[in-house]
Amino acid sequence: MSEQPGRKTLVLTGASRGIGHATVKRFSADGWRVITCSRQDFAENCPWPAGPEDHIKIDLSDPEDVGSAVAEIRHRLDREGGQLHALVNNAGISPKTPEGARLNSMETPMHTWRDVFQVNFFAPILLARGLFKELAAARGSVVNVTSIAGSRVHPFAGTAYATSKAALASLTREMAADFGPHGIRVNAIAPGEIETAILSPGTEKIVENIPLRRLGSTDEVAETIFFLCSDASSYVSGSEIHINGGQHV
Ligand SMILES: NC(=O)c1ccc[n+]([C@@H]2O[C@H](COP(=O)([O-])OP(=O)(O)OC[C@H]3O[C@@H](n4cnc5c(N)ncnc54)[C@H](OP(=O)(O)O)[C@@H]3O)[C@@H](O)[C@H]2O)c1
């Protein structure tokens with residue numbers, strides 16, 4: 001896609017499905033360039049206006065792969081003035097037992113725990129630090145996607161997942177303190193039960209007790225991410241917005 005002066009750029013992980021998919025559509029509709037990152041190659045039948053130069057194939061579970069992706073993203077940003085207006089760390093994994101059951105703190109294999117932390121926690125650090133210069137140049141915004149499971153034990157989400165999201169929420173505060181003096185805002189959003197493939201059978205029982213009595217939609221989550229990357233939230237930093245229909249009240 002040709003360079004368009006004044007166009008804002010977002011780097012988004014996990015754009016291929018669910019919340020990420022809705023997010024790329026929301027930002028594209030507002031005229032942003034969205035550089036997507038996932039394990040798949042660029043889809044020729046891409047459902048939003050983008051070319052292969054706006055997609056990076058990356059496996060976030062491999063720290064070396066993240067390092068080379070950062071170099072590649074910086075190279076591509078350089079061609080549009082070296083500015084990055086937003087980084088959304090959305091990709092996440094939530095492994096279960098082979099039977100689909102919750103993995104608790106007694107049973108989670110250590111290699112699974114490490115993989116979960118690499119994708120859900122270390123990759124966001126590597127991306128934010130690696131793209132710091134470009135974020136500062138644009139006085140940009142970072143949004144980390146945490147989870148309702150990060151603050152209370154969840155019946156389906158496993159221990160490794162929950163602790164990685166709690167760590168990501170804490171990292172959001174730390175980064176807000178460290179990046180703020182450079183003009184970069186850092187926030188998190190913590191979705192509750194959102195209608196995506198990550199949900200487990202049995203979620204309908206939880207929904208009965210959610211004050212709003214329904215699942216959230218990916219579009220509703222994308223709208224909040226968009227708010228946190230826009231000037232409408234220009235004094236919001238270090239916060240974690242809960243998008244859960246009142247589930248924990
Ligand atoms: N859905 C919910 O109710 C809910 C609730 C709380 C929090 N969240 C959080 O919201 C975020 C998005 O959730 P979702 O439900 O939309 O998830 P999803 O439908 O399972 O999609 C996950 C995305 O992450 C990408 N991904 C996974 N592993 C990756 C890896 N190793 N390298 C690169 N990309 C990887 C996937 O892309 P590829 O497979 O194409 O690589 C996919 O685009 C996650 O962080 C999740 O923890 C969701």
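Counting starts at 1 for both ligands and their atoms, in listed order.
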Exercise. Check each protein residue for a heavy atom under 4.0 Å from ligand 1 and list those that pass, ordered by chain and number.
Key: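 Near ligand 1, by chain and number: G14, A15, S16, R17, G18, I19, S38, R39, Q40, I58, D59, L60, S61, N90, A91, G92, I93, V119, V145, T146, S147, Y161, K165, P191, G192, E193, I194, T196, I198, L199.
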Quiz item: With no hydrogens and no angle check, do the side chains of T13 and N90 hold a donor and an acceptor under 3.5 Å apart?
Solution: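 Looking only at side-chain atoms, N90 and T13 do not form any donor-acceptor pair under 3.5 Å.
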Quiz item: Is the number of heavy atoms from other residues, nucleotides or ligands under 6.0 Å of E195 CD greater than 12?
Solution: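 Result for CD/E195: open.
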Quiz item: Within a reach of under 6.0 Å around CD of E204, are more than 12 heavy atoms found that belong to other residues, nucleotides or ligands?
Solution: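 Atom CD in E204 is crowded, with more than 12 foreign heavy atoms closer than 6.0 Å.
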Practice problem: Please work out which of the three classes, parallel, tilted or perpendicular, describes the rings of F179 and F132, given edges at 30° and 60°. | Solution: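 Rings of F132 and F179: perpendicular, over 60°.
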Quiz item: Is the H55 ring parallel, tilted or perpendicular to the F42 ring (thresholds 30°, 60°)?
Solution: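 Geometry flag for F42 against H55: tilted rings.
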Quiz item: Ring centroid separation for H154 and Y161, is it under 6.0 angstrom?
Solution: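 Ring centres of Y161 and H154 not closer than 6.0 Å.
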